[in-house]
Protein chains: 2
Amino acid sequence: MVDEAEVRCEQCAIRQFNALRAMSKEELKKVSDSKSIKRVKKGETIFKEGEKLNGVFCIRNGVAKLSKLSSNGKDQIVKLATKGNLLGQRSVISEESANLSAIAVNDTQVCFIPKEGIMNTLNTNPNFAVEVLRHMAHDLKEADDVIINMSQKSVKQRIAEAFLYMQNSFGVDHEGFMSIALSREEIANIVGTATESCIRVISEFKKDKLIKTSGKKIAIINEAALRALMEK
Amino acid sequence: MVDEAEVRCEQCAIRQFNALRAMSKEELKKVSDSKSIKRVKKGETIFKEGEKLNGVFCIRNGVAKLSKLSSNGKDQIVKLATKGNLLGQRSVISEESANLSAIAVNDTQVCFIPKEGIMNTLNTNPNFAVEVLRHMAHDLKEADDVIINMSQKSVKQRIAEAFLYMQNSFGVDHEGFMSIALSREEIANIVGTATESCIRVISEFKKDKLIKTSGKKIAIINEAALRALMEK
DNA sequence: CTATAAACATGATAAAAGTCATATTTTAAG
DNA sequence: CTTAAAATATGACTTTTATCATGTTTATAG
């Protein structure tokens with residue numbers, strides 16, 4: 001990770017996507033003074049599970065995966081985070097070490113915000129606290145839904161859902177390929193299956209003309225069918 | 001559900017287990033004036049997924065299951081809630097309809113607290129907001145861990161873990177049987193498997209002398225082995 | 001550009017889990 | 001107490017998914 005300092009939070013449009021929008025001008029100024037920007041290259045770690053975090057990370061651009069090592073030695077990706085998402089909030093608030101690791105999926109810029117600015121504002125500005133709460137409530141709902149999917153849907157359905165989610169969250173390029181390009185192994189780690197199983201399903205989807213691929217890039221070509229398959 | 005009113009929140013020891021502990025005397029008084037106590041019999045619904053909630057439910061005693069219907073028609077139990085847990089918080093805060101249903105696992109008493117008391121306090125008392133946040137952060141961590149278990153562990157491991165969790169959270173009676181007695185189907189719905197598969201694993205656990213049963217009641221007789229199996 | 005590793009792909013097989021059928025036991029209603 | 005319904009149990013079989021082996025393609029370092 002490389003440090004630098006260039007943009008002021010007050011001018012930063014990205015904060016509209018997260019709870020920082022509820023901070024006052026003065027609070028934001030303090031945060032901005034204390035923050036630092038870091039460049040994280042693809043595959044580099046932003047923080048590791050078990051680590052004590054001294055602040056939160058706001059993603060300026062790029063995508064990070066939040067994952068945890070299971071006792072069977074496999075990594076499970078719990079969530080993909082992108083522009084505007086705050087990482088490490090949960091750990092800072094509950095004053096526990098990080099439950100998940102955050103690793104850059106592609107080259108990424110993050111702002112590191114020391115926890116003091118966050119905690120002080122939390123304890124004095126109810127608007128901010130409620131806004132953080134709203135985001136956490138949303139995350140919790142999403143997590144509950146992932147539990148349902150993991151336990152009740154087949155690997156094929158989960159991969160279909162993952163593709164629809166990725167397309168919806170990260171968009172497509174001019175040729176229709178999804179902007180986010182994950183390895184087969186990463187996709188397997190999102191849906192919680194073996195890499196080979198994941199590859200097999202992708203091959204099947206290609207054969208059935210639900211998707212097409214070009215290297216790591218994937219394009220959905222029959223969204224309706226993929227959606228039907230997902231819902232079964 | 002039957003309504004009544006008898007106990008004051010100010011005198012209620014249960015609030016020490018949840019975010020209401022961070023309310024001031026006056027705030028608590030208001031909540032207490034507006035709350036109502038309801039008795040919910042085993043199997044009765046406290047609220048259903050999709051319902052708009054006008055407040056939160058604080059469990060006085062008994063156990064409730066929080067579940068959601070999957071598109072394949074099966075119920076997935078996401079969480080068991082017991083004395084002191086607040087239900088419906090997430091929906092009230094994010095002003096969305098309930099994502100989960102809450103159903104009494106045994107005869108239960110809950111206090112219904114209209115959302116106004118909660119939201120007003122949230123918007124004016126940062127201590128309370130932070131306390132709610134802390135609880136939600138904890139729930140989120142738990143949910144993430146459930147995702148890992150669901151995707152990476154076998155049915156046998158998940159059932160072993162469920163038993164250890166149940167014993168730890170709800171305790172045992174004088175004969176060593178767990179105080180909470182779930183049906184095989186409910187256990188299956190917690191670990192996300194077919195009822196028959198769940199029954200088979202329980203039979204195997206009995207044969208291997210890891211547990212013993214008496215009707216619905218289950219007692220762990222070899223915790224160490226169960227724990228080893230869970231971690232694999 | 002070439003060597004080497006990593007990622008992708010696919011077959012063969014095994015293991016895990018689901019489904020369907022059918023008893024047996026337990027529980028609850030009358 | 002009896003009877004019907006629900007829950008538990010188990011066998012037989014199918015489907016899904018994991019694992020291991022091996023080949024092919026694609027990326028990357030030098």
Side-chain angles (χ1 to χ4, degrees), chain A residues 41-44 70-76 105-107 149-163 177 180-208 211-218 229-230 232, chain B residues 41-44 70-76 105-107 149-163 177 180-208 211-218 229-230 232:
Chain A
K41 287 217 202 73
K42 177 178 174 170
E44 282 186 355
S70 169
S71 55
N72 66 5
K74 282 190 188 163
D75 236 9
Q76 174 66 34
V105 167
N106 46 36
D107 291 359
N149 282 338
M150 285 296 180
S151 55
Q152 303 288 353
K153 292 193 171 168
S154 69
V155 167
K156 213 186 286 185
Q157 288 179 299
R158 268 138 58 197
I159 292 179
E161 174 145 35
F163 285 163
F177 288 103
I180 183 176
L182 299 172
S183 70
R184 305 292 191 259
E185 190 182 3
E186 284 172 320
I187 298 170
N189 290 348
I190 290 175
V191 303
T193 190
T195 306
E196 297 95 319
S197 301
C198 179
I199 289 172
R200 262 179 251 277
V201 171
I202 290 176
S203 299
E204 194 185 328
F205 283 180
K206 278 195 282 192
K207 202 166 49 102
D208 296 347
I211 62 171
K212 63 179 177 179
T213 66
S214 166
K216 267 198 200 352
K217 290 189 297 179
I218 295 176
L229 197 160
M230 172 190 93
K232 169 152 189 187
Chain B
K41 287 218 202 73
K42 177 178 174 171
E44 282 186 355
S70 170
S71 54
N72 67 5
K74 283 190 187 162
D75 235 9
Q76 174 67 32
V105 166
N106 46 37
D107 291 359
N149 282 338
M150 285 295 180
S151 56
Q152 303 287 352
K153 292 194 173 168
S154 68
V155 167
K156 212 185 289 186
Q157 289 179 297
R158 269 138 58 197
I159 292 180
E161 174 145 36
F163 285 163
F177 288 103
I180 184 176
L182 299 172
S183 70
R184 304 292 191 260
E185 190 181 4
E186 284 172 321
I187 298 171
N189 290 349
I190 289 175
V191 302
T193 190
T195 306
E196 296 95 319
S197 301
C198 179
I199 289 172
R200 260 180 252 277
V201 171
I202 290 176
S203 299
E204 195 186 326
F205 282 0
K206 277 196 283 191
K207 201 166 49 105
D208 296 348
I211 61 171
K212 62 178 178 180
T213 66
S214 167
K216 267 197 201 352
K217 291 190 297 179
I218 295 176
L229 197 160
M230 172 190 94
K232 171 156 186 182

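Reminder, nothing fancy here: chain letters follow the sequence lines and each chain counts from 1.
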For the student: nearest non-hydrogen atoms of B:N149 and B:R158, plus distance: O-CD, 3.5 Å
Residue list, side chain to side chain donor-acceptor pair (under 3.5 Å) with B:E204, at least two apart or on another chain: B:K156
From CA spacing to verdict: side-chain contact (heavy atoms from CB on, under 4.5 Å), B:Q76, B:N189: CA-CA 5 Å; B:Q76 174 67 32; B:N189 290 349; 5.6 Å; no
A:S154 side chain to A:Q157 backbone, donor-acceptor under 3.5 Å: yes
By side-chain contact (heavy atoms from CB on, under 4.5 Å) - contacts of B:T193 (at least two apart): B:V155, B:A188, B:V191, B:S197, B:C198
Residue pairs fulfilling salt bridge (Lys or Arg N to Asp or Glu O under 4.0 Å) with at least one residue in residues 180-195 of chain A, sequence neighbours excluded: A:K65-A:E186
With sequence neighbours excluded, residues passing side-chain contact (heavy atoms from CB on, under 4.5 Å) with A:A160: A:F205, A:L226, A:L229, A:M230
Distance, rounded to the nearest Å, where A:I202 contributes CD1 and C:dA7 contributes P: 14 Å
Spacing between B:E185 atom CD and C:dT19 atom C1', to the nearest angstrom: 15 Å
Heavy atoms from other residues, nucleotides or ligands near NZ of A:K212 exceed 12 (cutoff 6.0 Å): no
Any residue meeting salt bridge (Lys or Arg N to Asp or Glu O under 4.0 Å) with B:K74, in chain and number order, not counting sequence neighbours: none
Residues from residues 191-200 of chain A lying under 4.0 Å of DNA chain C - heavy atoms: A:E196, A:I199, A:R200
5'-most by nearest nucleotide on DNA chain C - A:T213 or A:S151: A:T213
Contacts of type side-chain contact (heavy atoms from CB on, under 4.5 Å), residue B:K42, not counting sequence neighbours: B:D107
Whole-Å distance separating the CG atom of B:N72 from the C1' atom of C:dG18: 11 Å
Interatomic spacing from CD1 in A:I190 to CG in A:L182 - rounded to 0.5 Å: 5.0 Å
Atom-to-atom span, NZ of A:K206 to P of C:dC8 - whole angstrom: 10 Å
Terminal contacting nucleotides, 5' and 3', DNA chain D versus chain B (heavy atom, 4.0 Å): D:dA7 to D:dA12
Rounded to 10 degrees, the angle between the two terminal axes of the helix from C:dC1-D:dG30 to C:dG30-D:dC1, each from five pairs: 60°
Partners passing side chain to side chain donor-acceptor pair (under 3.5 Å) against B:E196 (at least two apart in sequence or in another chain): none
B:N72: side chain to side chain donor-acceptor pair (under 3.5 Å) partners, not counting sequence neighbours: A:Q152, B:S70
Using nucleotides 24-30 of chain C, report all nitrogen or oxygen pairs with the protein that are shorter than 3.5 Å.
none

Nucleotide C:dA16, atom C1' - distance to CD1 of B:I159 in whole Å: 13 Å
Distance, rounded to the nearest Å, where A:I218 contributes CD1 and C:dC8 contributes P: 9 Å
